[in-house]
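Excluded from the calculations below are hydrogen atoms, water molecules and symmetry mates; all remaining heavy atoms, backbone and side chain alike, are included.
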Amino acid sequence: QVQLVESGGGLVQAGGSLRLSCAASGRTFNIYTMGWFRQAPGKEREFVAAITWSGGRTFYADSVKGRFTISRDNAKNTVYLQMNDLKPEDTAVYYCAAGLDPMITTEKSYHYWGQGTQVTVSS
C-alpha cells in the first residue's frame, strides 16, 4: 500500500502564498500520477492539479491555472503544490492523492489519499 503525508496548510491573507508538501511511502513504484484535490464545506471534492511521476507532465484545474504550480522531487517521493495569489475561494481541505492509471483528473483513479491539510484564505 501507499501512505501519503501532507503538510504546509495554514491561514493566509488573500494574495498570499502557501506551499503544500506530500510525502509518499510504501509501495510507490507503481504510482503513475500524484494529484491534489480540495474540498470546501458543503461542496464536492474537486480536482486541483496533478503531475505524472516519471514524465513530470502537469495538469491544472482552470480555477487555479496560472496561480498554482505542482512539482515533484522523485528522489524524495514528494510532490509539492505552490499556491500563489490565494483567494478566499481557495479555502478548503487539500488532499494529496496517488493514482495508478492515466485518468489524471478522475477522482476514482486515485486509490491512495492523504489525511488532508486545511488551507484558509482570509478576505
Side-chain contact test, heavy atoms from C-beta onward, threshold under 4.5 Å: evaluate it for [X] versus [Y] and give yes or no.
X    : Y    : result
H111 : D101 : yes
N30  : W53  : no
C96  : W113 : no
D90  : R38  : yes

task = Pick out which of Q118, M83, Q39 makes a side chain to side chain contact (heavy atoms under 4.5 Å, CB included) with Y94.
result =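 Exactly one pass, corresponding to M83.
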Would [X] end up clustered with [Y] when hydrophobic side chains under 4.5 Å apart are linked, directly or stepwise?
X    : Y    : result
V48  : I31  : yes
L100 : M103 : no
V93  : V79  : no
Y112 : Y80  : no

Is [X] reaching over with its side chain to a backbone N or O of [Y], donor-acceptor style, under 3.5 angstrom?
X    : Y    : value
N74  : S54  : no
Y110 : T33  : no
T91  : V121 : yes
E6   : G116 : yes
T28  : S25  : no

Hey, what do you get for [atom1] ([X]) to [atom2] ([Y]), rounding to the nearest 0.5 Å?
X    : Y    : atom1 : atom2 : result
E89  : S123 : CD    : OG    : 9.0 Å
L18  : Q82  : CG    : CD    : 8.5 Å
T120 : L86  : OG1   : CG    : 10.5 Å
L81  : Y60  : CG    : OH    : 7.5 Å
F68  : L20  : CZ    : CG    : 8.0 Å
Q115 : L4   : CD    : CG    : 8.5 Å

For [X] and [Y], work out which heavy atoms get closest and say how close.
X   : Y    : result
A92 : A40  : CB-N, 3.8 Å
A50 : I104 : CB-CG2, 3.4 Å
T52 : R72  : O-NE, 3.8 Å
A24 : V2   : CB-CG1, 4.5 Å
S21 : T78  : CB-CG2, 4.5 Å

ask   = Is the distance between the ring centroids of F47 and F59 less than 6.0 Å?
value =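 F47 vs F59: aromatic centres not under 6.0 Å.
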